[in-house]
Amino acid sequence: MAGYLYVAAAAFLWGLLGVVSKWAFAAGVSPLEVAFWRAALGGVLFGAQAFILGQVRVEPADRWAVVGFGLVGVSLFYGAYQLAIQNGGAALASVLLYTAPAIVALLSWLLLREPMGPHKLSAVGLTLLGVALVSLQGGEARITAAAVLWGLLSALTYATYYLFGKLYLGRYSTPTLFLYALPVGALGLLPFVRFAPKTAEAWAAIGFLTVASTFFAVTLYFAGLKRLEATRASVVATLEPVVAALAAWLFWGERFSPLGYLGAGLVLLGVVWMVLGPQDNPRDQPKNA
């Protein structure tokens with residue numbers, strides 16, 4: 001039960017990312033500056049944890065991979081997700097982010113030679129159909145080409161967490177990897193950031209995103225993974241877009257049309273089917289990453 005609670009708490013904190021980010025935007029902070037501070041300050045927290053635990057060493061052969069992950073999994077992912085929130089709202093950004101499992105399946109098939117059986121193909125199909133319905137809906141939701149493109153880019157870059165984790169989380173602890181990846185990601189964002197004067201409300205939003213939705217969310221999720229199978233943890237984590245949609249409706253009045261909610265449901269159904277469906281080859285499935 002503790003494992004389920006840890007993962008559910010992480011999903012809840014991740015689900016608040018969009019709502020709190022919009023408060024920072026309203027206070028005059030740009031999406032890329034929010035992403036920069038989340039990476040820079042998050043790196044300080046994970047760095048302190050890594051030094052306390054004495055887990056700071058990365059082998060020379062792995063350093064360029066960590067740098068690459070910092071640029072793709074932090075700079076591009078954090079930046080794209082914030083821009084998706086700005087252009088389409090918190091609920092849409094979160095739903096599009098959860099196309100990541102389908103992208104993971106395709107990348108794993110292309111790059112890691114993992115099998116692409118009927119259940120994976122059907123899960124990918126459900127996800128793509130769901131995205132199409134969300135993108136084509138009418139109603140009150142603000143659906144733009146920019147929102148969809150940034151949302152899908154955030155999903156694509158988020159998918160690298162699976163691939164990178166499968167290769168490196170067995171060798172290093174989470175604080176060790178994020179000690180280096182987050183500062184690299186912040187530096188990758190820096191040339192594109194225009195710093196603005198910040199109110200106390202803006203700093204409070206940035207602080208919440210850093211401490212709660214980055215440091216504690218990641219820590220809780222991996223604590224849950226130590227107690228649960230990765231498949232079960234993945235299913236529990238699908239609470240994130242549900243929390244995001246509910247919070248966006250309560251705080252910002254974001255609503256989908258019925259067609260949009262049907263599409264969002266198909267995206268989540270695709271995720272659940274992807275992780276709970278029959279496995280093509282158990283040896284090729286990810287360890288707790």
Side-chain angles (χ1 to χ4, degrees), residues 8-49 70 73-98 141-142 144 146-147 150-151 153-155 157-158 178 181-183 185-221 237 239-255:
F12 177 81
L13 294 175
W14 279 326
L16 296 179
L17 253 168
V19 169
V20 178
S21 293
K22 290 187 71 170
W23 274 319
F25 302 162
V29 185
S30 70
L32 293 183
E33 186 180 356
V34 172
F36 169 83
W37 286 115
R38 185 184 171 204
L41 298 177
V44 172
L45 295 178
F46 277 109
Q49 184 182 26
V74 178
S75 297
L76 278 176
F77 171 49
Y78 282 18
Y81 193 58
Q82 294 295 335
L83 289 167
I85 294 167
Q86 181 192 47
N87 283 277
L92 177 64
S94 185
V95 169
L96 292 176
L97 181 65
Y98 265 71
R142 183 162 49 97
T144 65
W150 285 120
L153 179 59
S154 71
T157 50
Y158 180 57
F178 281 84
L182 286 171
L187 289 174
L189 287 164
L190 185 58
F192 307 98
V193 176
R194 292 184 179 180
F195 293 97
K198 282 168 280 298
T199 63
E201 181 182 1
W203 280 118
I206 291 169
F208 181 90
L209 294 174
T210 300
V211 177
S213 295
T214 303
F215 179 75
F216 279 126
V218 171
T219 300
L220 286 167
Y221 185 74
L239 287 171
E240 179 186 344
V242 177
V243 171
L246 179 60
W249 172 62
L250 289 174
F251 291 101
W252 293 102
E254 294 182 16
R255 291 177 177 85

Practice problem: Locate the shortest heavy-atom distance separating A84 from A147; write the atom from each residue and the value. | Solution: CB-O, 4.2 Å

Practice problem: Count the heavy atoms of every other residue, nucleotide or ligand shown that sit under 6.0 Å from CZ of F216, and state whether that count exceeds 12. | Solution: no

Quiz item: For the residue pair P183 and G43, what are the closest heavy atoms and their distance?
Solution: CD-CA, 4.2 Å

Quiz item: Which distance, rounded to the nearest 0.5 Å, do you find between the CG of L17 and the OG1 of T214?
Solution: 6.5 Å

Quiz item: Taking it one step at a time, do W150 and T144 satisfy side chain to side chain contact (heavy atoms under 4.5 Å, CB included)?
Solution: CA-CA 10 Å; W150 285 120; T144 65; over 6 Å; no

Quiz item: Does the side chain to side chain contact (heavy atoms under 4.5 Å, CB included) test come out yes or no for L32 and Q82, once each step is laid out?
Solution: CA-CA 7 Å; L32 293 183; Q82 294 295 335; 5.8 Å; no

Quiz item: In Å, rounded to the nearest 0.5 Å, how long is the span from CZ of F25 to CD1 of I85?
Solution: 5.5 Å

Quiz prompt | L13 versus S213, closest heavy-atom pair with distance | solution = O-OG, 2.8 Å

Exercise. Starting from the C-alpha separation in whole Å, work towards a yes-or-no answer on side chain to side chain contact (heavy atoms under 4.5 Å, CB included) for F215 and Q49.
Key: CA-CA 10 Å; F215 179 75; Q49 184 182 26; 3.4 Å; yes

Quiz prompt | Atom pair CG/CG of L182 and L187 - distance to nearest 0.5 Å | solution = 11.0 Å

Quiz prompt | Contact summary for A91 and E254, nearest pair of heavy atoms | solution = N-OE1, 3.1 Å

Practice problem: Compare every heavy atom of V19 with every heavy atom of A90, then report the nearest pair and how far apart it is. | Solution: CB-N, 3.8 Å

Exercise. Would you indicate whether W249, at its atom CH2, is surrounded by more than 12 heavy atoms from other residues, nucleotides or ligands within a distance under 6.0 Å?
Key: no

Practice problem: Hey, could you give me the CZ/CG distance between F12 and L220, rounded to the nearest 0.5 Å? | Solution: 12.0 Å

Self-check item: Residues forming a side-chain contact (heavy atoms from CB on, under 4.5 Å) with F195, sequence neighbours excluded
Solution: E33, F36, W37, L190, V193

Practice problem: Evaluate the side-chain proximity of E240 to S94: yes if any heavy-atom separation is below 4.5 Å, no if none is. | Solution: yes

Quiz prompt | Distance-minimising heavy-atom pair for A217 and A10 | solution = O-CB, 3.3 Å

Quiz item: Do side-chain atoms of T157 reach the backbone of S154 as a donor and acceptor pair under 3.5 angstrom?
Solution: yes

Exercise. Rounded to the nearest 0.5 Å, what's the gap from OH on Y81 to CG on L153? Could you check?
Key: 13.5 Å

Quiz item: Yes or no on side chain to side chain contact (heavy atoms under 4.5 Å, CB included) for T219 and F46, after CA distance, side-chain angles and deciding distance?
Solution: CA-CA 9 Å; T219 300; F46 277 109; 4.2 Å; yes

Quiz item: Just wondering, are more than 12 heavy atoms of other shown residues or ligands nearer than 6.0 Å to CH2 in W14?
Solution: yes

Quiz item: So, do W23 and F208 have ring centers that fall under 6.0 Å from each other?
Solution: no

